[in-house]
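Notes follow once the structure below has been shown.
Below, read A as the first sequence line, B as the second, and so on, with proteins coming before strands; counting in each chain starts at 1.
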Amino acid sequence: MTLNYQHKKPADTVVVLDFETTGLSPTQGDRAIEIGAVMLKDGKVIDRFQQLMNPGFRISGFIENYTGISNLMLSDAPSCETVMADFADFIGDYNLVAHNASFDQRFLDAELRQINRHYSGSFACSMLIARRLYQDAPNHKLGSLISYKNIQHDGVFHRALADSEMTADLWLAMLEDLQQDFQLVNPDFSLLQSIAKQSKANVFQFLRKQN
DNA sequence: TGCCAGGCCCTCTTTAGGGCCTT
């Protein structure tokens with residue numbers, strides 16, 4: 001069997017991450033308030049990262065309610081700069097996964113720019129991939145996909161570590177489905193990135209060509 | 001609860017509009 005996609009990293013280790021933030025747009029002044037991440041290697045969680053961070057201003061009541069993160073909780077949290085420096089060390093140059101990755105990438109880029117740190121891994125978006133693989137799902141919100149795939153969870157949503165754990169489980173479920181449904185021996189980050197670039201109409205034909 | 005932004009993606013499209021996702 002020959003797979004016509006390229007392995008980018010010697011070990012298929014990825015970091016699945018999720019930000020909680022003060023709003024939707026760093027260009028409008030929004031900042032990160034929590035980062036959560038799990039590191040996957042060979043289909044297993046080998047490390048975790050979770051930290052609240054103080055954005056330097058009060059967050060809105062909407063965000064307090066949405067995330068369960070209060071201004072009191074953030075009052076004694078370390079600064080975004082301190083936390084993001086640690087997180088930059090955590091992710092290193094590994095490839096990255098997030099649900100609706102364009103959102104998390106904007107905040108990661110904005111926060112790391114503040115401390116002049118960089119990363120060289122590339123992003124894959126679990127939402128774009130799920131839209132192609134699970135076209136019958138009622139919608140492609142993270143919580144809906146967790147239910148659709150019957151993935152066990154602890155009922156916590158909109159907290160960074162809980163959401164990154166669920167995104168990691170969704171990622172592993174997609175890898176497993178590719179192995180079972182398309183007899184792919186070693187589906188990896190690069191293949192899933194390629195899936196996100198296919199049209200919904202052509203993605204299954206693309207997958208059948210992979211072996 | 002919704003607004004704010006931005007990218008993707010579909011369609012009654014491409015000289016555009018609007019829903020889906022993320023907080």
Would you mind telling me which of [options] lies closest to the side-chain atoms of [X]?
X	options	value
A:Q28	B:dA5, B:dT23, B:dG6	B:dA5
A:N139	B:dA5, B:dT1, B:dC21	B:dC21
A:K141	B:dA5, B:dT22, B:dT23	B:dT22
A:M127	B:dC21, B:dA5, B:dT23	B:dC21
A:I63	B:dT22, B:dT23, B:dA5	B:dT23
A:T27	B:dC10, B:dC20, B:dA5	B:dA5
A:F62	B:dT1, B:dC8, B:dG6	B:dT1

So what does [X] touch, heavy atoms closer than 4.0 Å: a base, only the sugar-phosphate, or nothing?
X	result
A:F19	sugar-phosphate
A:L142	sugar-phosphate
A:T67	sugar-phosphate

Report the distance from atom [atom1] of [X] to atom [atom2] of [N], rounded to the nearest whole Å.
X	N	atom1	atom2	value
A:Y148	B:dC21	OH	P	13 Å
A:I69	B:dT23	CD1	C1'	10 Å
A:Q105	B:dT23	CD	C1'	17 Å
A:D18	B:dT23	CG	C1'	9 Å

**Message:** Measuring only the P atom in each nucleotide, how far is B:dG19 from B:dC3? A whole number of Å is fine.
**Reply:** 10 Å
Residues A:N71 and A:E64: side-chain donor-acceptor under 3.5 angstrom: yes
| Is it true that the side chains of A:D30 and A:T22 contain a donor and an acceptor less than 3.5 Å apart? | yes
Kindly assign one of parallel, tilted or perpendicular to the pair A:F87 and A:F90, based on the angle between their ring planes and the thresholds 30° and 60°. parallel
Sorted by number, residues from residues 154-174 of chain A placing a heavy atom under 4.0 Å from DNA chain B are A:H158, A:D163
